[in-house]
Amino acid sequence: MALSATFITPSPSSSNLYAKIRKPFLSHSVYLLKPLKIRASATLNYSNVDKSSPLKTSKWQWKFKDNLVNIYYEEHVKESEEPSQNILMMPTISDVSTVEEWRLVAQDIAQRNGSVNYRATIVDWPGLGYSDRPKIDYNADVLEKFLVDFVNSPDGPVKQSDNDLVIFGGGHAASIVIRAAKKGLVKPKAIAAVAPTWSGPLPIVFGRDSSMETRYGFLRGTLKAPAVGWMMYNMLVSNENAIQSQYKSHVYANPDNVTPAIVESRYALTKRKGARYLPAAFLTGLLDPVTSREEFLQLFADLEGKIPVFVVSSKGSPKRSKAEMEALKGAKGVTKFVEVPGALLPQEEYPAEVAEELYQFLQQYFGSVA
């Protein structure tokens, strides 16, 4: 989810990097020698939450190298003796990523009456949301490994067997799911990519040449440093005015939908221990599952005839993100493409519309399967 800053990079002979706030949080407005804008995502209105809906929360321990990471997840399921179809919902990867963005969609789908009961599990990525945030070297491979371990673990919350899992992902999460499926590391029976993205804010604007990679590395190191890192993170990201400004500017399509509760909730996430580590990787492109649109399209193409893939684009996405989504319209490997209201987080801003499209997709392919 992002930040907005003005980066003034000095001459090549200097190793200093200065950051000055421009517009707070969530659009990346970054300047290198001349002004250029980059945007990233994120958000939730709780006013329509059915308090009677059964919600189970728990934690699962992920073992990664020398780390034992507590992973937060939620389960939404209607009380029934009938077997359920499992759905795993992966939040959009951003500075303020959280299970909350999928909560109303999960509730909607799980409570519907039909020939199939749906059990929705939402999980926070390691380093984000309400999961632990250890200081590890986050990159796309680490997040892919987490996804694979979570899905395939015999003691995991979804306990996948016999190809019985459907996965929904937002933003970068969708691309990581697609990449893992392409490799055969996860074998869902269907995938839905909601407002899918693939590039971190800085690389999509400034590229990936050796000079820029050096600067990205410097920025990552600064954000992860003990004292100055928190100072920079608080200035660029952990700022209520910044969060509100960017949610209103492009994370939500309708600024009136940005409530104080949303801003407070997201601000609280930025204050959790270790909050800056994963965003430092996201901003500088280390979480990118591919490095070009061609590779992005090839991820989908490689699933042609193997797994149904549903792409949900959003009408109000920022120009750069919208172009990547539009490139998937009619693309090989994309089974169905629709457009819904919203910007970078349509599942959060317009959960009813997104839930309806996702439910119709489920019914089309699995409605007669108990």
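Note that this is a predicted model, so its numbers are computed, not measured.
Between E326 and F337 the shortest side-chain heavy-atom distance falls below 4.5 Å. Under the 4.5 Å side-chain criterion, counting only non-hydrogen atoms from C-beta, L283 is in contact with L219. With contacts defined as side-chain heavy-atom distances shorter than 4.5 Å, the pair I93/L278 qualifies. L362 has its side chain out of reach of Q85: every pair of non-hydrogen atoms, C-beta onward, lies at least 4.5 Å apart. Side-chain contact between Y350 and V340 is absent, with no heavy-atom pair separated by less than 4.5 Å. Using a 4.5 Å heavy-atom cutoff, the side chains of P318 and L344 are in contact. Using a 4.5 Å heavy-atom threshold, the side chains of V105 and M89 count as touching. Side-chain contact between V312 and Q347 is absent, with no heavy-atom pair separated by less than 4.5 Å.
Here the CD1 atom belonging to I122 is positioned 8.0 Å from the CG atom belonging to L55, to the nearest 0.5 angstrom. How far CG of L202 is from CZ of R220: 9.5 Å, rounded to the nearest 0.5 Å. The distance from atom NZ of K182 to atom CG of L299, rounded to the nearest 0.5 Å, is 5.5 Å. Between R208 atom CZ and S292 atom OG the span is 9.0 Å, to the nearest 0.5 Å. With rounding to the nearest 0.5 Å, the separation of CD in Q107 from CZ in R103 is 9.5 Å. Within the model, atoms CD of Q298 and CD1 of I178 stand 12.5 Å from one another, a figure rounded to the nearest 0.5 Å.
With hydrogens and angles disregarded, no donor-acceptor distance shorter than 3.5 Å links the side chain of D95 to the backbone of A280. Side-chain atoms of R179 come within 3.5 Å of backbone atoms of P289 as a donor-acceptor pair (strictly under, hydrogens ignored). Looking at N257, its side chain never comes within 3.5 Å of a backbone N or O of E349 through a donor-acceptor pair. Counting only distance, with no hydrogens or angles, the side chain of D209 and the backbone of S211 share a donor-acceptor pair below 3.5 Å. Side-chain atoms of R133 do not come within 3.5 Å of backbone N or O of Y277 as any donor-acceptor pair. Side-chain N or O atoms of S131 include one that pairs as donor or acceptor with a backbone N or O of D124 at under 3.5 Å. Judged purely by atom type and a 3.5 angstrom limit, D288 has no side-chain atom pairing as donor or acceptor with the backbone of T291. Under a 3.5 Å cut-off, the side chain of R276 and the backbone N or O of L223 do form a donor-acceptor pair. Side chain of T270 to main chain of Y267: a donor-acceptor pair is present (N/O by atom type, distance under 3.5 Å, no hydrogens or angles). Remark: the backbone N or O of E74 is not paired with any side-chain donor or acceptor of T57 at under 3.5 angstrom.
Looking at K78 and N113, their side chains do bring a donor and an acceptor atom within 3.5 Å of each other. In summary, the side chains of E356 and Q360 do present a donor paired with an acceptor at a separation below 3.5 Å, with no hydrogens or angles considered. No donor-acceptor contact under 3.5 angstrom links the side chains of S313 and K329, judged on distance only.
A pairwise comparison of heavy atoms in K189 and D164 identifies CE-CA, 3.9 Å as the closest pair. A pairwise comparison of heavy atoms in S97 and P91 identifies OG-CB, 3.5 Å as the closest pair. Here the shortest heavy-atom pairing between A343 and A253 reads CB-N, 3.9 Å. Smallest separation of non-hydrogen atoms from A193 and P196: O-CD, 3.7 Å. Across all their heavy atoms, V69 and D132 have their closest contact at CG1-CB, 3.6 Å. Minimum interatomic distance between A181 and P188 (heavy atoms only, all atoms of both residues): CB-CD, 4.4 Å.
Between E240 and R266, none of the side-chain N atoms (NZ, or NE/NH1/NH2) sits under 4.0 Å from a carboxylate O, so this pair counts as no salt bridge. Salt bridge annotation for D149-K145: present, with a cationic side-chain nitrogen under 4.0 angstrom from a carboxylate oxygen. Contact check on K224 versus D137 returns a salt bridge, with a Lys/Arg side-chain nitrogen under 4.0 Å from an Asp/Glu carboxylate oxygen.
Cation-pi geometry between R112 and Y359 is met: under 6.0 angstrom from the ring centre, within 45 degrees of the axis.
In K332, the NZ atom is not crowded: 12 or fewer heavy atoms of neighbouring residues, nucleotides or ligands sit closer than 6.0 Å. Heavy atoms from other residues, nucleotides or ligands lying under 6.0 Å from NZ of K271 number more than 12. Atom CG of D155 has more than 12 heavy atoms from other residues, nucleotides or ligands within 6.0 Å.
Transitive grouping of hydrophobic side chains (ILVMFWY, heavy atoms separated by less than 4.5 Å) keeps I176 and L286 in distinct clusters. Residue V309 is grouped with residue L147 when hydrophobic side chains (ILVMFWY) are merged at heavy-atom distances under 4.5 angstrom, including chains of intermediate members. The hydrophobic clustering, which links ILVMFWY residues whose side-chain heavy atoms are closer than 4.5 Å, places F218 and M231 apart. Both F64 and L185 are part of a single hydrophobic cluster, where members link through side-chain heavy atoms under 4.5 Å apart. Hydrophobic clustering (side-chain heavy atoms under 4.5 Å, transitive across Ile, Leu, Val, Met, Phe, Trp, Tyr) keeps M325 apart from V338.
Ring geometry for W102 versus F168: interplanar angle of 30 to 60°, hence tilted. Between F361 and F310, the ring planes are parallel. Angles under 30° get that label, and only those over 60° would be called perpendicular.
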Go through it in stages, so that I can follow the logic: the residues are E324 and T197, the test is side-chain hydrogen bond (donor to acceptor under 3.5 Å, both in side chains), and I'd like the CA-CA distance, side-chain angles, deciding distance and then a yes or no.
CA-CA 7 Å; E324 303 306 316; T197 56; over 6 Å; no
May I have the step-by-step check of side-chain hydrogen bond (donor to acceptor under 3.5 Å, both in side chains) for K135 and N67, ending in yes or no?
CA-CA 10 Å; K135 187 178 182 180; N67 298 279; over 6 Å; no
Go through it in stages, so that I can follow the logic: the residues are Y130 and E100, the test is side-chain hydrogen bond (donor to acceptor under 3.5 Å, both in side chains), and I'd like the CA-CA distance, side-chain angles, deciding distance and then a yes or no.
CA-CA 10 Å; Y130 300 103; E100 293 169 0; 2.7 Å; yes
Verdict with supporting geometry, Q363 and Y365, side-chain hydrogen bond (donor to acceptor under 3.5 Å, both in side chains):
CA-CA 5 Å; Q363 290 295 96; Y365 285 93; over 6 Å; no
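Residue T121 forms a side chain to side chain contact (heavy atoms under 4.5 Å, CB included) with just one option from V99, V158, L165, I87, and that option is V158. Results of the ring-ring contact (aromatic ring centres under 6.0 Å, His included) test with W62 over F150, W125, F146 single out F146 as the only residue that passes.
Taking the six-membered ring for Trp, W60 and Y73 have ring centres at least 6.0 Å apart. Side-chain rings of H172 and F282 approach one another, their centers coming within less than 6.0 Å.
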